[in-house]
Amino acid sequence: MANKDFPTDEMTLSILLVVSDLEKTRWFYQDVLGADFYREYGGHTLVFTFLGTWLILTTGGPPTDDKPQVTLAPPADLNNMSAVWSIKVPDCQAAYETLKARGAEFITPPINRGGYEIRCFFRDPDGHLIELSETVSQ
C-alpha cells in the first residue's frame with residue numbers, strides 16, 4: 001500500500017544544476033534572472049530562491065557512496081537537453097526585453113506558436129536551457 005504522507009506540506013522542491021564557474025553563475029542567477037541569493041557553502045555551492053523554488057548550483061564532482069556510478073557535470077552537448085526550465089510569464093516580449101537588457105543571450109526573440117503560446121529560450125552560462133512562455137488567450 002502506498003504511503004499517503006508523501007508529499008507533505010513540510011516538504012520543498014529544490015533544483016540542483018551543475019555549473020562550471022561559480023562567479024559567472026552567481027552573476028547570471030542574481031543579476032540577470034533576479035533570483036534571491038541565500039547562501040554559499042563548501043566553496044563549490046551557491047543557493048538561491050526563485051519563484052518559490054530552491055536553486056542549488058554546484059560545481060559537481062565524482063561519484064560518491066550514495067551515487068556510486070554518477071558523476072555530476074555541466075551539460076556536455078548544448079544541442080541535446082534532457083531538462084528545460086519553463087517560466088510562465090504574463091508578457092513574453094516584456095520579459096524578453098528585461099532579461100536581454102540584463103545580459104541574457106536568447107536563441108531567438110519571442111515566437112508566436114500558432115496563436116496559443118508565445119515563447120523564447122535562453123541559456124545560463126553553462127548552457128542549461130530556460131524558456132519564457134506566455135499563454136495566449138483564444
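The closest side-chain heavy-atom distance from Tyr116 to Thr135 is not below 4.5 Å. Using a 4.5 Å heavy-atom cutoff, the side chains of Asp124 and Leu17 are in contact. Between Tyr96 and Asp91 there is no side-chain heavy-atom pair separated by less than 4.5 Å. Under the 4.5 Å side-chain criterion, counting only non-hydrogen atoms from C-beta, Leu22 is not in contact with Thr45.
Grouped with Leu129 in one hydrophobic cluster are Leu78, Met81, Val84, Ile107, Phe121, the linkage being side-chain heavy-atom contacts under 4.5 Å among Ile, Leu, Val, Met, Phe, Trp and Tyr residues.
Cluster annotation: Val18 and Tyr29 are assigned to distinct hydrophobic clusters (Ile/Leu/Val/Met/Phe/Trp/Tyr, side-chain heavy-atom contacts under 4.5 Å, transitive). A continuous path of ILVMFWY side-chain contacts below 4.5 Å connects Val32 to Phe50, so both sit in one hydrophobic cluster. Cluster annotation: Val47 and Val19 are assigned to distinct hydrophobic clusters (Ile/Leu/Val/Met/Phe/Trp/Tyr, side-chain heavy-atom contacts under 4.5 Å, transitive). Residues Leu33 and Ile15 fall within the same hydrophobic cluster, defined by Ile, Leu, Val, Met, Phe, Trp and Tyr side chains chained together at heavy-atom separations under 4.5 Å.
Rounding to the nearest 0.5 Å places CG of Leu132 at 5.0 Å from SG of Cys92. From Thr64, atom OG1 reaches atom CD of Gln69 across 11.5 Å, with rounding to the nearest 0.5 Å. Atom CZ in Phe28 sits 10.0 Å away from atom CG in Leu57 (nearest 0.5 Å). In this structure, Glu97 CD and Phe106 CZ are separated by 9.0 Å, a value rounded to the nearest 0.5 Å. Atom CD1 of Ile130 is separated from atom CG of Leu99 by 8.5 Å, given to the nearest 0.5 angstrom. Once rounded to the nearest 0.5 Å, the distance linking CG of Leu16 with CG of Leu55 reads 10.0 Å.
Using a 30° and 60° split on the angle between ring planes, Phe48 and Phe37 fall in the perpendicular class, above 60°.
Sorted by first then second residue, the salt bridge (Lys or Arg N to Asp or Glu O under 4.0 Å) pairs that include residues 27-42, not counting sequence neighbours, are Arg26-Glu40. Counting only residues at least two apart or on different chains, no side chain to side chain donor-acceptor pair (under 3.5 Å) pair has a member in residues 102-111.
Other residues, nucleotides and ligands contribute over 12 non-hydrogen atoms within 6.0 Å of the CG atom of Asp66. No more than 12 heavy atoms of other residues, nucleotides or ligands sit less than 6.0 Å from atom NZ of Lys24. Within 6.0 Å of atom OH in Tyr38, 12 or fewer heavy atoms from other residues, nucleotides or ligands are found, so the atom counts as exposed in its surroundings.
Of all heavy-atom pairs between Gly103 and Trp27, the closest is O-CH2, 4.1 Å. Ile118 approaches Pro110 most closely through the heavy-atom pair CG2-CB, 3.7 Å. Closest of all the heavy-atom pairs between Pro63 and Thr71 is CD-OG1, 3.4 Å.
Partner of Ser133 under the side chain to side chain donor-acceptor pair (under 3.5 Å) criterion, chosen from Arg119, Glu117, Arg113: Glu117.
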Please determine whether side chain to side chain contact (heavy atoms under 4.5 Å, CB included) holds for the pair His128 and Arg123, giving the CA-CA distance in whole Å, both sets of side-chain angles, and the decisive distance to 0.1 Å.
CA-CA 5 Å; His128 297 102; Arg123 297 180 187 277; over 6 Å; no
*Audit row: Trp54, Leu13, side chain to side chain contact (heavy atoms under 4.5 Å, CB included) steps and yes/no*: CA-CA 7 Å; Trp54 290 98; Leu13 176 66; over 6 Å; no
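Using a distance-only test at 3.5 Å, with no hydrogens or angles considered, a donor-acceptor pair links the side chain of Asp126 to the main chain of Ser20.
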